Q: 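A single structure is presented below for examination.
For clarity, every value in this text was computed on a predicted model and none was experimentally measured. A note on names: the letters A, B, ... follow the listed sequences, proteins ahead of strands, and every chain is numbered from 1.
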Amino acid sequence: AQSVTQLDSQVPVFEEAPVELRCNYSSSVSVYLFWYVQYPNQGLQLLLKYLSGSTLVKGINGFEAEFNKSQTSFHLRKPSVHISDTAEYFCAVLIYNQGGKLIFGQGTELSVKP
Amino acid sequence: GAVVSQHPSWVICKSGTSVKIECRSLDFQATTMFWYRQFPKQSLMLMATSNEGSKATYEQGVEKDKFLINHASLTLSTLTVTSAHPEDSSFYICSASDAGENGNEQFFGPGTRLTVL
């Protein structure tokens, strides 16, 4: 069975500091990897995705993530956060040949303080 | 980019009534639509997967007779919560996939907040 673990439920950080949100997955087959952001009472917005190719993926709002196959990780990073980055972040995997189903992690609440 | 809308954005209903939520893909044809529910401070839980013109596939533990899903066209799927009860109060989110140039990427709607009194 496949699973996604986001290791931190809450990450408080000061404005302009760097941040890393951790994500590990478990799967016996190849996967696509995604990071989504959710602002209060809104749907999910795609930050970035890894399908193939370069393991370092750049997304919107200055975020990037690195796929590490040996460690089955896909950690999200931003070198300098803003107050507006305060939101819930979800890591997700899409399993090949399973009808496009996404499996989500538990979410990480990023709280950026002035 | 691909846009998915949901209607209504929020709804309040009395216990025992039924509520219908619409999910539309505005600028692409969605061969597959997904329905999720999300409780406060929790992750998204997949309820069902629907393909246009066929019956929805429900996840384990989701009552298909309570959560009726119809995917009658390539741009519209509906979720009807029948005989709603307070424990059905949740945030319902749909997503759509075209399995075309975007591969299996899902595009999410803005969500519908259901409150059952």
Side-chain angles (χ1 to χ4, degrees), chain A residues 1-11 21 23 25 27 29-53 57 59-61 86-111, chain B residues 1-10 21 23-25 30-52 54 56-60 71 90-115:
Chain A
Q2 296 80 23
S3 66
V4 180
T5 302
Q6 291 182 241
L7 297 160
D8 307 294
S9 59
Q10 294 181 318
V11 173
L21 306 184
C23 173
Y25 69 93
S27 176
V29 298
S30 296
V31 299
Y32 296 135
L33 295 154
F34 301 82
W35 273 100
Y36 290 91
V37 61
Q38 184 181 34
Y39 298 100
N41 294 310
Q42 295 187 29
L44 272 65
Q45 180 181 8
L46 180 67
L47 276 177
L48 46 79
K49 60 186 176 183
Y50 173 78
L51 304 182
S52 65
V57 180
I60 63 171
N61 300 342
T86 295
E88 190 82 18
Y89 291 79
F90 293 97
C91 179
V93 300
L94 189 152
I95 312 298
Y96 287 3
N97 300 323
Q98 287 201 7
K101 285 171 58 172
L102 280 173
I103 299 172
F104 284 91
Q106 302 90 328
T108 297
E109 182 181 355
L110 175 65
S111 176
Chain B
V3 179
V4 176
S5 70
Q6 279 184 244
H7 178 79
S9 56
W10 61 270
I21 302 170
C23 177
R24 293 181 185 273
S25 57
T31 52
T32 305
M33 287 186 169
F34 303 85
W35 287 95
Y36 298 85
R37 66 187 297 181
Q38 184 182 31
F39 292 108
K41 301 292 186 181
Q42 293 189 27
S43 188
L44 279 73
M45 297 300 294
L46 180 65
M47 298 174 67
T49 303
S50 74
N51 293 292
E52 185 265 339
S54 61
T57 302
Y58 290 80
E59 295 297 300
Q60 192 171 7
H71 192 167
S90 188
F91 194 51
Y92 292 87
I93 303 174
C94 73
S95 70
S97 171
D98 64 2
E101 64 178 66
N102 292 303
N104 285 324
E105 182 176 343
Q106 293 182 27
F107 301 95
F108 286 83
T112 296
R113 173 78 56 195
L114 171 62
T115 302

Q: Given that the side chain runs from C-beta out, which part of Q45(A) has a heavy atom under 4.5 Å from chain B: side chain, backbone, both or neither?
A: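 No part of Q45(A) comes within 4.5 Å of chain B.
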
Q: Compare every heavy atom of Q38(B) with every heavy atom of F90(A), then report the nearest pair and how far apart it is.
A: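 Closest approach of F90(A) to Q38(B): CZ-NE2, 3.5 Å.
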
Q: For G105(A) versus S43(B), what's the shortest heavy-atom pair and its separation?
A: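 Of all heavy-atom pairs spanning G105(A) and S43(B), the closest is O-OG, 2.6 Å.
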
Q: If you measure from CZ on F108(B) to CG on L46(A), what distance do you get to the nearest 0.5 Å?
A: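 Rounded to the nearest 0.5 Å, the CZ-CG separation comes to 9.0 Å.
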
Q: Using 0.5 Å steps for rounding, measure from the OG1 atom of T57(B) to the NZ atom of K101(A).
A: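 One gets 8.5 Å once the value is rounded to the nearest 0.5 Å.
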
Q: Side chain, backbone, both or neither: which part of L44(B) has a non-hydrogen atom closer than 4.5 Å to chain A?
A: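 L44(B) touches chain A through backbone and side-chain heavy atoms alike.
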
Q: Run the ring pair (Phe, Tyr, Trp, His ring centres under 6.0 Å) test against Y92(B) and tell me which residues pass, sequence neighbours left out.
A: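 For Y92(B) there are no ring pair (Phe, Tyr, Trp, His ring centres under 6.0 Å) partners, ignoring immediate neighbours.
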
Q: How would you list, in number order, the residues of residues 45-52 of chain B that have a heavy atom less than 4.5 Å from chain A?
A: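 Hits under 4.5 Å: L46(B), T49(B).
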
Q: Can you tell me how far apart CD (E105(B)) and CZ (F34(A)) are? Round to the nearest 0.5 Å.
A: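 Reported to 0.5 Å precision, the distance equals 6.0 Å.
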
Q: Could you tell me which residues satisfy salt bridge (Lys or Arg N to Asp or Glu O under 4.0 Å) with R37(B), sequence neighbours excluded, listed by chain and number?
A: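 In terms of salt bridge (Lys or Arg N to Asp or Glu O under 4.0 Å), with neighbours along the sequence ignored, R37(B) is linked to no residue.
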
Q: So which heavy atom on Q106(B) is nearest to which on Y36(A), and how close?
A: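 Heavy-atom minimum between the residues: O-OH, 3.7 Å.
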
Q: Listed by chain and number, what are the ring pair (Phe, Tyr, Trp, His ring centres under 6.0 Å) partners of Y58(B), not counting sequence neighbours?
A: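 Listed in chain order: nothing, the list is empty.
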
Q: Atom CZ in F34(B), atom CG in L102(A): separation rounded to 0.5 Å?
A: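 Those atoms lie 7.0 Å apart.
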
Q: Checking E88(A) against chain B: side chain, backbone, both or neither under 4.5 Å from a heavy atom?
A: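 No part of E88(A) comes within 4.5 Å of chain B.
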
Q: So which part of L44(A) gets closer than 4.5 Å to some heavy atom of chain B, the side chain, the backbone, both or neither?
A: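 Both parts, backbone and side chain.
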
Q: Please state whether the side chain, the backbone, both or neither of Q6(B) comes within less than 4.5 Å of a heavy atom of chain A.
A: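 Looking at Q6(B), nothing touches chain A.
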
